[in-house]
Amino acid sequence: MGNRLSKLYTRTGDDGTSGLSGGERIAKNHERMNAMGAVDELNSVIGLLICKLEDAELRVLFTAIQHDLFNIGGEISMPGQSFIKQEKIDLLESKIDLFNESVEPLKDFILPGGTEAASVCHMARSIARRAERDVVTLHQAEPVCDTTRQYLNRLSDLLFVAARIINLRLGHEDVLWKKELA
């Protein structure tokens with residue numbers, strides 16, 4: 001592949017617009033840009049999560065998820081495209097089921113915390129929820145592929161149970177919400 005980004009600044013966005021992959025320019029605060037930004041932020045925090053993980057299985061899983069998120073960003077940048085296939089959702093669901101079998105059933109609400117890696121995982125979960133909301137907002141104005149919306153929904157579920165797995169594997173208990181402290 002040749003040099004695609006030979007110059008990092010173009011000044012074309014100085015008027016408050018950004019370019020989509022097809023060349024169309026839209027406002028930087030357009031629903032499409034908000035969705036792309038939230039997915040990019042999610043990808044960035046998952047990169048931070050990977051840096052905090054010593055668990056090789058989780059590092060591989062989250063690296064693959066980063067690639068999926070990059071593809072979702074590309075999909076959002078190219079209206080009408082679809083890069084996330086059902087198999088990706090199926091993989092997330094199988095990991096959710098597998099991880100959920102390893103942790104104690106929930107009897108209380110869990111607060112974000114425990115270990116540093118689990119805390120970053122919870123942060124990624126909350127950003128995934130926002131990315132999903134932003135994609136749904138975009139979908140209300142312009143169609144977004146069903147599998148993309150489903151992927152983001154499952155990803156937030158995976159991140160929740162992965163935070164629990166991280167704490168478990170590091171020998172740390174989940175932080176439980178206590179009504180009497182509220």
Please give me the minimum heavy-atom distance between Arg149 and Glu132, naming the atom from each residue.
O-OE2, 4.3 Å
Hey, are the side chains of Phe160 and Ile110 touching, using non-hydrogen atoms and a 4.5 Å cut-off?
yes
Any sub-3.5 Å donor-acceptor pair from Asn167's side-chain atoms to Gly113's backbone N or O?
yes
Heavy-atom nearest pair, Phe70 first then Asn43, reads N-ND2, 3.5 Å
Non-hydrogen side-chain atoms of Phe109 and Asp174 separated by less than 4.5 Å
no
Hey, what do you get for CD (Glu41) to CD1 (Ile46), rounding to the nearest 0.5 Å?
11.0 Å
If I compare all heavy atoms of Gly73 with all of Val39, which pair ends up nearest, and what's the gap?
N-CG1, 4.1 Å
Please find the pair of heavy atoms, one from Ala124 and one from Leu42, that lie closest to each other, and give the distance.
O-CD1, 3.3 Å
Is it the case that the side chains of Ser156 and Arg129 hold a donor-acceptor pair, with the cut-off being a distance below 3.5 Å and no angle test?
yes
If you round to the nearest 0.5 Å, how far is CZ of Arg32 from CG of Leu138?
4.5 Å
Give the minimum heavy-atom separation between Cys121 and Phe62, together with the two atoms involved.
SG-CZ, 4.4 Å
Show, in sequence, the C-alpha distance, side-chain angles and deciding distance for Ile72 and Val135, and conclude whether the side chain to side chain contact (heavy atoms under 4.5 Å, CB included) test is met.
CA-CA 10 Å; Ile72 288 172; Val135 167; 5.5 Å; no
May I ask you to test the Pro112-Val175 pair for a side-chain heavy-atom distance under 4.5 Å?
no
Flag, side chain of Arg125 to backbone of Asp157, donor-acceptor distance under 3.5 Å:
no
Does one side chain, of Thr148 or Glu75, offer a donor that lies under 3.5 Å from an acceptor on the other?
yes
Interatomic distance, Phe83 atom CZ to Met78 atom CE [nearest 0.5 angstrom]
3.5 Å
Using side-chain heavy atoms (C-beta onward) and a distance below 4.5 Å, is Leu69 in contact with Leu152?
yes
Between His172 (side chain) and Leu168 (backbone), is there a donor-acceptor pair under 3.5 Å?
no
With no hydrogens and no angle check, is any side-chain donor or acceptor of Asp55 less than 3.5 Å from a backbone partner on Glu57?
yes
Side-chain H-bond candidate by donor/acceptor type, Asp146 with Gln150, under 3.5 Å:
no
Any sub-3.5 Å donor-acceptor pair from Arg164's side-chain atoms to Glu104's backbone N or O?
yes
